[in-house]
2 protein chains.
Amino acid sequence: MLEICFLGTGAMMPLPDRKLAALLLRRGGRLLLMDCGEGTQVAIRQCGWSLARIDTICFTHFHADHIAGLPGLLLTMGACDRTEPVTLVGPAGLKSVVRGLRVIAPELPYELRFKELTRREQTFPFHDIQVTAFPLDHLMPCYGFSLSLARPGRFDPNRAKALGLPVIHWRELQNGKAVTLDGNTYTPDQVLGPPRKGIKLAYCTDTRATGVIAIHGREADLLICEGTYGEDEKADKAAEYGHMTFSQAANLAKRADARELLLTHFSPSMRDPQEHIEMAQAIFPNTNTAHDLLCRTLLFEED
Amino acid sequence: MLEICFLGTGAMMPLPDRKLAALLLRRGGRLLLMDCGEGTQVAIRQCGWSLARIDTICFTHFHADHIAGLPGLLLTMGACDRTEPVTLVGPAGLKSVVRGLRVIAPELPYELRFKELTRREQTFPFHDIQVTAFPLDHLMPCYGFSLSLARPGRFDPNRAKALGLPVIHWRELQNGKAVTLDGNTYTPDQVLGPPRKGIKLAYCTDTRATGVIAIHGREADLLICEGTYGEDEKADKAAEYGHMTFSQAANLAKRADARELLLTHFSPSMRDPQEHIEMAQAIFPNTNTAHDLLCRTLLFEED
């Protein structure tokens, strides 16, 4: 199970009913935050998940609408008794940007660790999730992130019994750990069936339409894409400012063979994203628009 | 006439129903902003006054809850076609703090001008208002601001007629300008009565209880004071963190002989400031608590 909550779905400037880009993910009680626009800490309070449990904050890029909420959030996490280190992930230059912003948040009761994305593609773990950062096509260096949660094969009690393994050791093997008994080592592959379908999510903003989204969003259960502009006629404007239209995102979801496309990062000029959804659904039927505080629970498939 | 709007009345961290410290003042269509916590730009939209008309932003001090909203606000003012310079006023170090924060707002379509407060007391004009900055007693250098709007004496048409001044020149003299006719110069004092009572407002946050508030808030029509803590028993805690209780603020308003005391800058632990108002009103009866988006219009007295 992987839970997500859209903290903000707006681009450029916050509106009274639409905060700026930020997405919160929860897995096993630990939180990962994607982007942190102004107002993010208030949205986290509204969503009700614990600020102090944020272990990792990933930044797609350094435009203010994706990072201006950082100093306030870091201070509030400190005030909420966070003491464990927090890892910040983002494009090259991350340390220097954060150093600038911390002029108003110089003292924190926990350590900040930095992971600057210097390679074209970079993978790192969050909890038991594999996160892959890949370059998008924006006005400045910008990364998309795909998150893959693997699911081991089904445990076969008959095979465990045949091996003579006491029930007390079954859970360790189920959890992927080897067990040594009387000099014999038993490995999970001896008692598990073939790996089952996991959960995959991709988060792509800000970007022009680029094939890399179809590659990294391949068969994603949920492809979250920016749709800064609704109308097809705004494709030129979108390209000029490094963004996409709804239709462009829908075409990429179709190429990726994703399960669902959720659009976000709406221009402040777009009052109601739902007005433009039909155009995208004509291309990729399972397209929906996100809104602030929309939460989703991604579950493993029934066997 | 001077209009004000409380954009945020919270301390330390924003809450869903209480933004951080910021007060907007409007005079003659021009705006002055006092402090700019995270979320200020959204509050300005909610209040409905034009972001692009902010000429001056004063900072009391550099704690994040008073300045973290600056980069986002500056960018949005640019996006709203601001091209005239904006003056930033604040304690020594202002330029360096703003330089740090502008790492995410490097390009603006208007000039930023800086006025660093280096003297103990410093006066500068905003429109036809005289603004005085004076030092408060906080954990870091922090300034209060008093604003005085003078009101000239009443125009006396009989004296103007006696001087033989044509009606066409009366307005210039009313507006404080001298008029030269046939080699004779006429000055406003020749046609105006004695100066009338103006409008005075003082804004004091963050600070311990200090006599300077009673001095600079002397006979203010509106004294805006921090009241971070409600209960008298929290006076020690307030002093430790550089703040005041409601009662301390009320005592200062009494000493200042102010017309009204409006409390703001409430601790996130104080859910309803109204719960503590009676204690303050027992000391200074015309005490009220501010809340987000509270607007007030300060008018000249009837003659």
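All values below come from the heavy atoms of this structure, side chains included, with hydrogens, waters and symmetry mates left out. Chain letters run A, B, ... following the sequence lines, proteins first and then strands; every chain starts at 1.
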Next on the checklist: Under 4.5 Å from any heavy atom of chain A, what part of B/Leu75 do you find: side chain, backbone, both or neither?
Outcome noted: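 B/Leu75 touches chain A through side-chain heavy atoms alone.
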Checklist entry - Side chain, backbone, both or neither: which part of B/Ala105 has a heavy atom under 4.5 Å from chain A? => result neither
Checklist entry - If you count heavy-atom pairs under 4.5 Å between each of B/Leu20, B/Leu15, B/Leu73 and chain A, which one has the most? => result B/Leu15
Does the side chain of [Y] come within less than 4.5 Å of [X]'s, by heavy atoms?
{"X": "A/Leu7", "Y": "A/Cys47", "answer": "yes"}
{"X": "B/Val103", "Y": "A/Phe62", "answer": "no"}
{"X": "B/Phe6", "Y": "B/Ile224", "answer": "yes"}
{"X": "B/Phe59", "Y": "B/Phe145", "answer": "no"}
{"X": "B/Cys58", "Y": "B/Phe124", "answer": "yes"}

Checklist entry - Can you name the nearest heavy-atom pair linking A/Pro141 to A/Pro91, along with the distance? => result O-CG, 4.0 Å
Give me a line-by-line list of donor-acceptor atom pairs from chain A to chain B that are under 3.5 Å apart, or tell me none exist.
residue, atom, partner, partner atom, Å
A/Glu38, OE1, B/Gln41, NE2, 2.9
A/Glu38, OE2, B/Gly39, N, 2.6
A/Gly39, N, B/Glu38, OE2, 2.6
A/Gln41, NE2, B/Glu38, OE1, 2.9

Checklist entry - Hey, what do you get for CD1 (B/Ile57) to SG (B/Cys36), rounding to the nearest 0.5 Å? => result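 Spacing of CD1 (B/Ile57) from SG (B/Cys36) equals 6.0 Å.
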Item to check | Contacting moiety of A/Pro71, where chain B heavy atoms sit under 4.5 Å | outcome: neither
Item to check | Interface residue of largest heavy-atom contact number with chain B, from A/Pro14, A/Ala68, A/Gly93, under 4.5 Å | outcome: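 Most heavy-atom pairs within the cutoff with chain B belong to A/Pro14.
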Next on the checklist: Under the rule for side-chain contact (heavy atoms from CB on, under 4.5 Å), what residues qualify as partners of B/Leu25, not counting sequence neighbours?
Outcome noted: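 Applying side-chain contact (heavy atoms from CB on, under 4.5 Å) to B/Leu25 gives B/Leu2, B/Ile4, B/Leu23, B/Leu32, B/Met34, B/Leu147, B/Leu201.
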